[in-house]
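Sequence lines set the chain letters: A, B, ... in the order given, protein chains first and strands last, and positions in each chain run from 1.
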Amino acid sequence: MENYNPQKIEEKWRKIWEAKKVFQADLKEAKNPYYNLMMFPYPSAEGLHVGNVYAFTGSDIHGRFRRHQGFDVFEPIGFDAFGIHSENFAIKKGIHPKILVKKNVDNFRHQLKNLGCLFDWGHEVNTTDPKYYKWTQWLFLQLYKAGLACRKKAPVDWCPSCKTVLADEQVINGKCERCDSQVIQKETEQWFLKITNYAEKLLKNLEHLSEGALGSKIKITPEMAKAGIDWSEKTKFSQKNWIGKSEGALIKFKIKKEPYEEKKGSSEIEVFTTRPDTLFGCTYLVLAPEHPVIKEFKTKILNLKNVEKYIEETRKESETDRLNEEKEKVGVELKGIKVINPVNQREIPVWIADYVLVHYGTGAVMAVPCHDQRDFDFAKAYNLPMIEVISSYQKEPLPKKVSQVVSNGTFEKAYEGDGVLINSGRFDGMNSKEAQEKIVEWLNKKDQSAKKSVCYKLRDWLISRQRYWGAPIPMIYCEKCGWQPVPEKDLPVLLPYTKNFRPKGTGVSPLDSIESFVKAKCPKCKGNAKRETDVCDTFMDSSWYFIRYPSTNFNNKAFDNEITKKWLPVDMYIGGHEHAVLHLMYSRFITMALKDMGLIDFEEPFKKFRAHGLLTKEGAKMSKSKGNVVNPDDYYKKFGTDTLRTYLMFLGPFEQGGDWQDLGINGVKRFLEKIWLLSGEIKNKSGGENDILLNQTIKKVTEDLENLRYNTAISALMILVNHLSENKDQLTVKSFKTLLLLLSPFAPHLTEELWQKINYPGAKLSAYLSGNSIHSRPWPEYNPKLIKEKTATLIIQVNGKIRDKIEVNVNISKEEAEALAISREKVKNWVAGKEIKKVIFVPEKLINIVI
RNA sequence: GCCCUCGUGGCGGAAUUGGAAUACGCGUAUGGCUUAGGACCAUAUGUCGAAAGACUUGUGGGUUCGAGUCCCACCGAGGGCACCA
């Protein structure tokens, strides 16, 4: 028999599979559609990262498993090639992104074809292709028409290195997600998508799936509804945190005015609070420096110079400095302005301070120094009054987190827990939880100065980028008619070629200098107008690509209704957890919006999502600077794709990741070689189906694949192979073919080669039919009667310590087992002369004699 | 600061409802085969001990006939959120 030569057989099979279209699902005729998706890569210049290979292999194994189970699996792939990451690299290299990206994509495609995945190349998507981004622009127009895209002026995060604004989600600890530079605040007008309209829905489906969330095709059972969407818990948790729902109340504080000015301007300042029960302890208000009331009442502020100076200083500060908790709380009083606390009509001062954020709640807070640590610090610094209104003293035991320390009648720390109300008029003695409801009710009835409310941390999605390498936002500005959408018939708005693609840093896109691009006719009045020159955030491209995949052959629409209904939502999505609040949340938002427009019938894009773990190299994180990045090319050239795939999956639990060790791959190489050699030693043509280990292995591998526990599935297969090579009498055609089938998702080439040799010996390759492929065979089933051995090793314990073991029939009774156990010499030594108090018997496992 | 996840041999990692801790693999050692091997085969491989046996899943306690698994406290690592009112 020839040696195992992966290089030879792998290339051969890939060519055959492609030529015979073995893995292409018939999207129109498929009876049992299963959409298996993986996060499409962005084609970086370094080529495919081993992390990509890891993710794609794990996802592909799932797709192959489902294929064996009789599903028509659609497994597409594409390229997320627009965006700052690609552009920054092009700038660094001094090559135009259009040229560089094409080169990278070609290289990626070549590498991806070596991975042995089920990819359907007939449905490749490339976000930089006008045939694709035409529909990204179309999507923007639909959102605009639905009132979900709007232009607004707001303080936004600006990356001075990338020279563009960023979405809230792209700022990590005050730094740019892409280049790690400190971001600064800028006040400009930008395009936003109103994701906040969907805050509640985005949150709700995580906890409880609503009816129809997965479309008309998938019925939601009460269990599914109760569990919430079937996603990795970690990812759901991150999204919940990001959405950040708080329940509380809005409370209006009347601004005190002289009789002659009573009708002028705003009459109140509204605050949001989660603790309306502490309202009697509110001794001042604090506004964000950007709060509009400040400008409005400019003339009333007695210390206007100080106030303006403070606002100016705040603006210069970076967001990170501003949000630094260590920083002392600093602020200025708005002298001359007083508001009335609605619960007791007390006149209280108004301050401004930078720790209050303008974009959360109402941009104003009520300060209760005794029961909020920030207010406490601030009040202490400026000597503001404090009133204790919640007493931690209760009849019941004190709650655990009592931080209140009273010394000489003054607090050293705010008490933020629940308790009983004091100093609160008619509410004295009431429990704080109850008072939260009652105080709001009372104020609402009295003069409507309070109402229940909900706040979210989630902010609208800023999608404008002052960059070149993206899909142009399809809008036109006309002096007369204002902002006008580009008519759909004029799409795509092509990204023009320019040599000067570098970001200018002036706050406008490089497209702004291309006169032929900027000049446009107003779609409404046909007069001269100016085109929007910003491009879309790259996350907009990827927010809907999974809808495009099945419809790539429709050039006249973004997606075909029939095909979409048949294939979506995605059955299984696998990717990195790092996109929890970026791509994964944007995609959910876009899907919900499309559903509300009546364009699709599901609101959740991904029925199931699993995040894969992270790969490390010999215990350390892989990074270019450390030079310890594993290059997959080296390994599949040396060991073959099958060995690389199987080794990656053997490293550890797929959802937790694993540690790559160069020497470790040898173990998997030996394992596959062993199988290759074993195939030449099959002597028994019949039998095998009754082997207990074989049936156990089928059960184990099937369950493990279902739960993405690939590492233990491989280990079970290794045990089977070891067993067969040690017990050649059990090495039958049946047992070996079952082994090949169980292994085929991991090592598709090797198993196909051996399968063909065994089933069609001497057949010519030209006679190969896709139906004869091992990958088209049904998944093996086990006989439940044959997974149990007839005898078992019974552990004999004395007082819980193992003293002996005996081989017994699995049906042995407790009495028999006990008699057997105490008759054993070893056991006698331990129990002799002692009274047996109790005997615990676990059938097939153990017997424990307690003395 | 708050929340989440996780601590098992020299290493990656196994361990159904609490029931043989260390499966599988790497590495290592010894022997075989070989001109040679970083190839292959066999055996061994948690610690202490000559052995019987004792000890061992981050540390300390608890529940239990029995705890890696459940409960409490602490220590350590990783991740998320972070002045969100």
Can you tell me, in whole Å, how much space there is between the [atom1] of [N] and that of [M]?
N      : M      : atom1 : answer
B:rG37 : B:rC48 : C1'   : 37 Å
B:rG7  : B:rU17 : P     : 16 Å
B:rG68 : B:rG60 : P     : 14 Å
B:rG66 : B:rA20 : C1'   : 12 Å
B:rA73 : B:rC2  : P     : 13 Å

Intermediate values then yes/no, side-chain hydrogen bond (donor to acceptor under 3.5 Å, both in side chains), A:Ser238 and A:His577: CA-CA 9 Å; A:Ser238 296; A:His577 173 260; 3.2 Å; yes
Can you check the [X] [atom1] to [N] [atom2] distance for me, whole Å?
X        : N      : atom1 : atom2 : value
A:Tyr355 : B:rC84 : OH    : P     : 10 Å
A:Lys621 : B:rA77 : NZ    : P     : 15 Å
A:Leu651 : B:rC11 : CG    : C1'   : 12 Å
A:Lys234 : B:rC3  : NZ    : P     : 18 Å
A:Lys801 : B:rG19 : NZ    : P     : 18 Å
A:Ile243 : B:rG80 : CD1   : C1'   : 15 Å
A:Lys240 : B:rA82 : NZ    : C1'   : 19 Å
A:Asp659 : B:rG10 : CG    : P     : 17 Å

Members of residues 274-284 of chain A that approach RNA chain B, where some heavy atom sits under 4.0 Å away: A:Thr274
Distance below 4.0 Å between A:Lys457 side-chain N/O and B:rG80 OP1 or OP2: no
Euclidean distance, A:Thr314 OG1 relative to A:Glu290 CD, rounded to 0.5 Å: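 One gets 7.5 Å once the value is rounded to the nearest 0.5 Å.
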Steps toward side-chain hydrogen bond (donor to acceptor under 3.5 Å, both in side chains) verdict (A:Tyr586, A:Glu169): CA-CA 10 Å; A:Tyr586 295 147; A:Glu169 288 81 2; 2.8 Å; yes
Restricting to nitrogen or oxygen on both sides, can you table the protein-nucleotides 25-27 of chain B pairs closer than 3.5 Å?
residue	atom	partner	partner atom	Å
B:rG25	OP1	A:Asn722	ND2	3.1
B:rC26	OP1	A:Arg670	NH1	2.4

Strictly under 3.5 Å: I want the nitrogen or oxygen pairs between protein and nucleotides 64-67 of chain B, one per line.
residue	atom	partner	partner atom	Å
B:rC65	OP1	A:Lys838	NZ	3.2
B:rC65	O2'	A:Asn848	ND2	3.4
B:rC65	O2	A:Asn848	ND2	2.5

Would you tabulate the nitrogen or oxygen pairs shorter than 3.5 Å linking the protein to nucleotides 14-18 of chain B?
residue	atom	partner	partner atom	Å
B:rA14	OP1	A:Asn711	ND2	3.1

A:Asn809 and A:Thr791: CA distance, side-chain angles, deciding distance, side-chain hydrogen bond (donor to acceptor under 3.5 Å, both in side chains) verdict: CA-CA 4 Å; A:Asn809 189 296; A:Thr791 60; over 6 Å; no
Upstream residue (5' side of RNA chain B) when A:Val581 and A:Lys669 are each assigned their closest nucleotide: A:Lys669
Bracket string, RNA chain B, 5' to 3' - pairs by Watson-Crick or G-U geometry under 3.5 Å, | interstrand: (((((((..(((......[....)))((((((.......))))))(((....)))..(((((..]....))))))))))))....
A:Ile802, nearest nucleotide to its side chain (from B:rG19, B:rA21, B:rA85):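 Side chain of A:Ile802 sits closest to B:rA21.
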Could you pull out every donor-acceptor pair under 3.5 Å between side chains of residues 610-619 of chain A and any protein atom, sequence neighbours left out?
residue	atom	partner	partner atom	Å
A:Arg610	NH1	A:Asp230	O	3.2
A:Arg610	NH1	A:Asp230	OD1	3.3
A:Arg610	NH2	A:Asp230	OD1	2.8
A:Thr616	OG1	A:Gly658	O	3.3
A:Thr616	OG1	A:Asp659	OD1	2.6
A:Glu618	OE2	A:Asp662	N	3.2

NZ/A:Lys805: more than 12 non-hydrogen atoms of other groups inside 6.0 Å: no
Ionic contact status for A:Glu818 with A:Lys814, cut-off 4.0 Å: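 No.
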